[in-house]
There are 2 protein chains.
Amino acid sequence: MAAAPYDAGSRTVQRGRPRDASRDDALRKAALEVMAEVGYRALTMDAVAAKARAGKATIYRRWESKLDLVIDTCAQLANQNLPSPDTGSLAGDLREFLRTFAAFLSGPIGKAAQALVGELPHEPELAAAFRETFLISQRDVLRGILDRATTRGEVRADAPRGMVVELAGAALTYRLMLTGDPLDVPFVDRVVDQVLLPLVGQPS
Amino acid sequence: MAAAPYDAGSRTVQRGRPRDASRDDALRKAALEVMAEVGYRALTMDAVAAKARAGKATIYRRWESKLDLVIDTCAQLANQNLPSPDTGSLAGDLREFLRTFAAFLSGPIGKAAQALVGELPHEPELAAAFRETFLISQRDVLRGILDRATTRGEVRADAPRGMVVELAGAALTYRLMLTGDPLDVPFVDRVVDQVLLPLVGQPS
């Protein structure tokens with residue numbers, strides 16, 4: 001299942017005028033809204049241009065294709081919205097990270113991610129890019145949290161660290177995409193207190 | 001988020017000739033294949049009819065709409081493929097149920113379920129029916145497993161039972177739909193041994 005790392009930068013086209021970062025953000029926001037409304041397959045560059053009140057040529061100056069636009073949008077949003085908390089305790093870091101991640105998933109990015117997920121089996125390039133950006137960003141933050149907790153002596157030597165990282169993402173995604181139950185603070189705190197801390201923490 | 005229970009039976013149309021169960025199964029199999037190929041939105045009764053070498057009227061004699069056909073297909077498959085193991089131990093029951101469920105999800109039903117998930121935000125009736133059939137069937141089996149284990153004294157009094165039921169579904173679905181990592185027996189056994197049993201079992 002290993003895929004070549006996706007380098008969003010190398011796919012971004014640059015020609016003509018220098019890029020305007022706030023304009024790019026407006027275009028990404030429009031792409032996200034269109035994707036949340038109609039899904040990836042039905043998304044067109046025309047619809048994104050109309051939503052952003054921009055010309056289609058403006059979009060194509062920045063992104064080669066809708067795949068590039070969608071993946072760059074997901075990558076930027078993940079980078080901008082995933083915190084790397086360092087509160088000094090495992091419980092504090094997990095709570096802060098997962099509460100913020102849950103709030104982020106409850107917004108338009110969550111709807112867009114859900115629309116993407118339905119397409120992954122048919123779109124291997126999209127699947128590889130989605131995993132290399134969206135999934136790996138949050139996995140890396142969780143691994144960093146566990147590394148710092150290990151240094152502080154908060155993690156059992158035989159803790160199933162990989163499984164805990166996977167479950168944190170799974171628990172939030174399952175509510176968001178399948179059950180539809182609320183991704184709220186009480187739920188996130190239950191995941192931390194009833195599952196993640198008991199599985200990795202030192203016995204109290 | 002509570003939805004009215006979905007009664008697949010009441011939506012199934014019966015008129016004219018008596019129903020032929022094996023013919024129905026062939027039509028459901030065709031519906032599943034078409035959904036795995038093109039997704040829910042693009043599925044048409046014509047495509048299902050062509051795949052099953054049946055007339056469209058034959059399909060409409062059995063199901064009122066594509067929503068009815070798809071939901072009845074998911075419900076039937078879940079009923080036919082989800083075992084209710086009773087091995088005499090919590091570990092044995094969890095392993096047997098989740099190995100079988102993982103194998104079931106790794107086949108065409110998993111692809112079809114993934115295609116459905118992308119549509120749930122836009123299709124509230126589909127979402128309610130998906131949850132009332134597919135999700136609740138597996139949740140009920142897991143609850144039964146925990147109930148029997150509780151009677152045998154294998155479950156701690158303060159075990160987070162609801163969370164364990166939710167996580168079992170979440171762990172399998174996350175691999176299937178998001179990470180793409182294999183849903184194989186070693187993974188399922190790690191979920192049981194590293195996560196589910198430690199969270200609910202008596203301390204050893």
Side-chain angles (χ1 to χ4, degrees), chain A residues 1-3 35-42 108 110-122 124 127-128 130-131 134-136 138-139 158-164 166-182 187 190-191 193-196 198-200 203, chain B residues 1-3 35-42 108 110-122 124 127-128 130-131 134-136 138-139 158-164 166-182 187 190-191 193-196 198-200 203:
Chain A
M1 272 293 157
M35 196 154 54
E37 282 163 18
V38 303
Y40 176 77
R41 201 181 305 196
K111 277 212 182 66
Q114 181 157 8
L116 280 185
V117 160
E119 301 296 337
L120 301 186
H122 312 289
F130 178 79
R131 288 167 188 148
F134 194 76
L135 292 184
I136 287 187
Q138 55 105 347
R139 206 177 67 188
D158 64 346
R161 297 167 47 117
M163 187 58 82
V164 160
E166 187 163 343
L167 279 183
L172 271 54
T173 310
Y174 191 63
R175 286 219 156 190
L176 174 73
M177 299 191 184
L178 278 91
T179 72
D181 292 327
F187 172 70
R190 281 203 300 135
V191 170
D193 294 330
Q194 296 183 347
V195 179
L196 305 182
L199 289 178
V200 301
Chain B
M1 272 292 158
M35 195 155 55
E37 282 163 19
V38 304
Y40 176 78
R41 201 180 306 198
K111 277 212 181 67
Q114 181 157 9
L116 281 184
V117 160
E119 301 297 336
L120 301 186
H122 313 290
F130 178 79
R131 287 167 188 147
F134 193 77
L135 292 184
I136 287 186
Q138 55 105 349
R139 206 177 67 188
D158 65 345
R161 296 166 48 117
M163 187 58 84
V164 160
E166 187 164 342
L167 279 183
L172 270 54
T173 310
Y174 192 62
R175 285 219 157 190
L176 174 73
M177 298 192 185
L178 276 92
T179 71
D181 292 326
F187 172 70
R190 281 204 300 135
V191 170
D193 294 330
Q194 296 184 347
V195 178
L196 305 182
L199 289 177
V200 300

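Here the structure is a predicted model, which is why all the values come from computation and not from measurement. Naming: A, B, ... by sequence-line order, numbering from 1 per chain.
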Open item on the list: Which residues pass the ring-ring contact (aromatic ring centres under 6.0 Å, His included) test with Phe130(A), not counting sequence neighbours?
Closed with: Phe134(A)
Open item on the list: Going by the rule ring-ring contact (aromatic ring centres under 6.0 Å, His included), which residues pair with Phe187(B) if we only count those two or more places apart in sequence or in a different chain?
Closed with: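 Phe187(B): no ring-ring contact (aromatic ring centres under 6.0 Å, His included) contacts found.
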Open item on the list: Would you say that Met177(A) contacts Met177(B) through its side chain, given a criterion of any heavy-atom pair below 4.5 Å between the two side chains?
Closed with: no
Task: Side chains of Pro198(B) and Leu199(A) in contact at under 4.5 Å (non-hydrogen atoms) - done: yes
Looking at chain B, which one of [options] has the largest number of heavy-atom pairs inside 4.5 Å, strictly under?
options	answer
Gly39(A), Gly169(A), Ala115(A)	Gly169(A)
Asp158(A), Leu172(A), Leu135(A)	Leu135(A)
Glu166(A), Arg175(A), Arg190(A), Lys111(A)	Glu166(A)

Which atoms of [X] come close to chain B, meaning under 4.5 Å heavy atom to heavy atom: side chain ones, backbone ones, both, or neither?
X	value
Glu119(A)	neither
Leu178(A)	both
Arg41(A)	side chain
Ala159(A)	neither
Val191(A)	both

TODO: Taking all heavy atoms of Ala171(B) and all of Leu167(A), pick out the closest pair and write down the distance.
DONE: CB-CD2, 4.0 Å
Task: Residue Ala36(B) versus chain A: region with a heavy atom under 4.5 Å - done: backbone
Task: Rounded distance [0.5 Å steps], CG in Leu116(B) versus CE in Met35(B) - done: 4.5 Å
TODO: Measure the spacing between CZ of Arg131(A) and CD1 of Ile136(A) and express it to the nearest 0.5 Å.
DONE: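 The CZ atom of Arg131(A) sits 10.5 Å away from the CD1 atom of Ile136(A).
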Open item on the list: Out of Ala170(B), Ala113(B), Gly118(B), return the one with the most heavy atom pairs under 4.5 angstrom to chain A.
Closed with: Ala170(B)
